[in-house]
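Report on one structure; see the data block that follows.
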Amino acid sequence: MDISIIGTGYVGLVTGVGLAEKGNRVICMDMIKEKVDIINSGKSPIYEKGLNELLEKNIGKNLVATTDLRNAVLNSDVTFICVGTPSKRDGSLDLSSVKNASKGIGKILSEKDSYHVVVVKSTVLPGTTEETVIPILEENSGKKFISDFGIAANPEFLREGIAVKDFLNPDRIIIGSLDKRSRRIIEQIYSNFKCPILRTDIKTAEMIKYAANSFLATKISFINEIGNMCKKLNINVYEVARGISLDHRVSPYFLNAGLGWGGSCFPKDLKALIYKAKKLGYEPFLLNAVFKVNEEQPQRLLDMAKRKIGSFKGKKIAVLGMAFKGGTDDVRDSPAFPVIEGLLREGANVTAYDPNAEDSAKEFFGDRIEYADSAENSLKDSDLALIVTDWEEFEELDFREMKNRIVIDARNIVKNRKGIDYEGLCW
Ligand code: NAD
């Protein structure tokens, strides 16, 4: 199949590379020329395990990147919209990129004689594809949905850090469509994937994505709340989590108590669903609470740190990890950020280390903090170490160079606890 992908971020690039690997001819389009040039040179502009290897293997053969939308759409039968859908201040979705992409695709479709399917892979609230994307495509192409072009919603569930593996081996594929022709074309694209395919209407497919992320965030906030109580009762919440997850109705995943969830998806998706619920006249009590529990966790870490070392003023504090989770360079809505901000507000000297996210964090903190080139160097002469991201390399850290060997672990990652004053955030 000839496929074009609009947007080469975490989802777009992984989708493009993954579909090329599966034997399709793929054109990845992005408006940022630097990204396109890097991709065409066979390298990934983002860090994702295994992405460089697959990119290098496919680029110039059945994969190419371009800034030219016209070329991408005219030389493909299916176009995936994979642009960002960030939050606005009020929690609603900023759909400007989706609208721009739809407008551009619509204009080019007016020149195209053959049938074309547009697939919305970006996460959008239920109703967006039918109420926003289809009208924009029709208006700009002068064509009619179903008779002249097709539409499908195909939400993505990949996890950053293991995005390539997730894309190529998904738990399920959701195809939301209103017409057989579009559905069959998307089914064909996924015909060599080994997982259940669920066919729904478009709105249901859009809602499945929000329900999935809300449920996962709820699991984490739930175990964090249990963990916060366990801490006061001197109980290890990880044993409690194991105890409940042996019940076949509860899976063991997403029950790791700690600093909470962040990243480019959960916070914005929950905000958007809460916003939508309110617009519908429904007060989403549970989702509000899920958010509230999560927002409190960084402050809990700061309070614990203060109980350990008193005032932060002038103290050297090592922050281990800045990415929102291990395995990625993404710092969007990272729970590490409110922790660092809280330390800075009270006069701490922060030395942070992250194996992958230093460049992204620098754009935010600039020279307000020091950046160490290794975990050990961040620890040197420090009064306190805070483990905020679950990078595997933090498991066996050597804390001997610290001034005071006080370690608070917000991710239950440190294994080498000999000779240190160790405390877990909620265990
Ligand atoms: P991203 O910000 O990493 O990438 C978006 C890309 O789109 C950027 O490279 C940007 O330059 C490009 N772009 C924006 N407007 C464009 C336009 N009009 N034409 C061409 N390119 C354009 O975003 P992402 O993290 O890949 O997320 C994309 C969508 O997928 C979002 O809706 C997100 O919620 C959803 N999603 C993300 C993840 C994830 O883990 N990141 C997982 C599942 C779903």
Side-chain angles (χ1 to χ4, degrees), residues 159-162 216-246 250-263 266 290 293-305 307-309 317-328 333-340 342-343 352-357 375-376 378-379 382 384-399 402 405-427:
R159 291 163 294 176
E160 281 181 26
I162 41 172
L216 294 173
T218 302
K219 271 190 101 172
I220 300 173
S221 283
F222 165 79
I223 202 66
N224 283 345
E225 183 152 289
I226 297 291
N228 294 337
M229 287 188 262
C230 283
K231 183 81 191 167
K232 290 184 188 293
L233 291 162
N234 206 15
I235 294 169
N236 186 339
V237 68
Y238 276 81
E239 277 186 56
V240 175
R242 178 153 162 73
I244 57 174
S245 66
L246 288 171
V250 183
S251 89
Y253 305 104
F254 280 71
L255 285 177
N256 296 322
L259 192 56
W261 39 271
F266 285 9
V290 168
V293 171
N294 199 57
E295 275 176 351
E296 300 274 311
Q297 290 306 91
Q299 190 55 47
R300 280 177 192 282
L301 178 59
L302 291 168
D303 292 345
M304 190 179 283
R307 283 199 294 278
K308 284 270 183 202
I309 64 164
I317 299 182
V319 173
L320 289 148
M322 290 179 278
F324 83 93
K325 64 172 185 178
T328 180
D333 270 317
S334 170
F337 280 35
V339 172
I340 295 174
L343 295 171
Y353 166 73
D354 191 290
N356 271 328
E376 271 72 18
S378 76
L379 293 172
S382 61
L384 169 73
L386 302 176
I387 315 290
V388 299
T389 307
D390 55 346
W391 282 105
E392 255 175 53
E393 67 170 82
F394 299 156
E395 286 183 8
E396 301 290 345
L397 275 178
D398 182 345
F399 296 97
M402 289 179 75
R405 295 177 196 162
I406 305 172
V407 179
I408 305 180
D409 186 354
R411 296 295 183 188
N412 196 26
I413 191 89
V414 175
K415 299 242 175 354
N416 179 15
R417 295 172 189 176
K418 275 185 236 136
I420 57 172
D421 173 355
Y422 174 90
E423 184 145 4
L425 179 60
C426 38
W427 54 92

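Since we're looking at a predicted model, the values are computed, not measured.
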**Message:** I want to check something: taking the side chain as every heavy atom from C-beta on, are D333 and F324 in contact at a cut-off of under 4.5 Å?
**Reply:** no
**Complete:** Scanning both residues in full, the closest heavy-atom pair of R300 with L425 reads C-CD1, 4.0 Å
**Message:** Can you give me the closest heavy-atom contact between V290 and S221, atom names plus distance?
**Reply:** O-OG, 2.8 Å
**side chain to side chain donor-acceptor pair (under 3.5 Å) partners for N294, two or more places apart** = W261
**Item:** salt bridge (Lys or Arg N to Asp or Glu O under 4.0 Å) pairs, two or more places apart, involving residues 418-427
**Value:** K231-E423, K308-D421, K308-E423
**Prompt:** Does any non-hydrogen side-chain atom of L320 lie less than 4.5 Å from one of V388?
**Reply:** no
**D354 side chain to M322 backbone, donor-acceptor under 3.5 Å** = yes
**Asked** So do V339 and L386 actually touch side chain to side chain, heavy atoms under 4.5 Å?
**Response** yes
**Prompt:** Around R417, counting heavy atoms of other residues, nucleotides and ligands shown, do more than 12 lie under 6.0 Å from its CZ?
**Reply:** yes
**Prompt:** Once you round to the nearest 0.5 Å, how far does CD of E225 lie from CD1 of I220?
**Reply:** 14.0 Å
**Fill in**
d(K325 NZ, I162 CD1) to nearest 0.5 Å is 6.0 Å
**Complete:** Residue set satisfying side-chain contact (heavy atoms from CB on, under 4.5 Å) with A318, at least two apart, ordered chain then number -> S378, L379, S382, A385
**Pairs where residues 406-426 contributes a residue and the test ring pair (Phe, Tyr, Trp, His ring centres under 6.0 Å) is met, not counting sequence neighbours** = none
**pair I317-I309: side-chain heavy atoms closer than 4.5 Å** = yes
**Message:** My understanding is that only residues two or more places apart in sequence, or in another chain, count here; which of them pass side chain to side chain donor-acceptor pair (under 3.5 Å) with N224?
**Reply:** none
**Item:** Min side-chain heavy-atom separation C426-K232 under 4.5 Å
**Value:** no
**Request:** Would you please name every residue forming a side-chain contact (heavy atoms from CB on, under 4.5 Å) with E393, sequence neighbours left out?
**Result:** Y353, P355, A375, W391
**Fill in**
Here the pair of heavy atoms bringing T389 nearest to A323 is OG1-O, 2.9 Å
Side-chain donor-acceptor distances from residues 251-258 under 3.5 Å, at least two apart:
{"from": "S251", "atom 1": "OG", "to": "K219", "atom 2": "NZ", "distance (Å)": "3.0"}
{"from": "S251", "atom 1": "OG", "to": "Y253", "atom 2": "N", "distance (Å)": "3.4"}

**Those residues that, when tested against Y238, pass ring pair (Phe, Tyr, Trp, His ring centres under 6.0 Å) (two or more places apart)** = W427
**Asked** Taking all non-hydrogen atoms of both residues, which atom of A410 and which atom of L301 are closest, and how far apart?
**Response** CB-CD2, 4.1 Å
**Asked** If we only count heavy atoms from C-beta on, is the I406 to I420 side-chain gap below 4.5 Å?
**Response** no
**Message:** E396: which residues meet the side-chain contact (heavy atoms from CB on, under 4.5 Å) condition with it, sequence neighbours left out?
**Reply:** K415, N416
**Prompt:** Does a side-chain heavy-atom distance below 4.5 Å link N236 with C230?
**Reply:** no
**Full working for side-chain contact (heavy atoms from CB on, under 4.5 Å) between I387 and I408** = CA-CA 6 Å; I387 315 290; I408 305 180; over 6 Å; no
**Complete:** Correct closest heavy-atom pair for G342 and L302 would be CA-CD1, 3.8 Å
**Fill in**
Taken in chain and number order and not counting sequence neighbours, the residues that satisfy side chain to side chain donor-acceptor pair (under 3.5 Å) with N228 are Q297
**Asked** salt bridge (charged side-chain N to carboxylate O under 4.0 Å, His left out) with R159: which residues, sequence neighbours excluded?
**Response** D166
**Message:** Measuring only between side-chain heavy atoms, which start at C-beta, is L343 closer than 4.5 Å to V319?
**Reply:** yes
**Partner set under side chain to side chain donor-acceptor pair (under 3.5 Å) for D303, not counting sequence neighbours** = Q299
**Asked** So, does D409 use its side chain to make a donor-acceptor pair with the main chain of V414 at under 3.5 Å?
**Response** yes
**Prompt:** Which pair of heavy atoms, one from L259 and one from P298, lies closest together, and at what distance?
**Reply:** CD1-CA, 3.8 Å
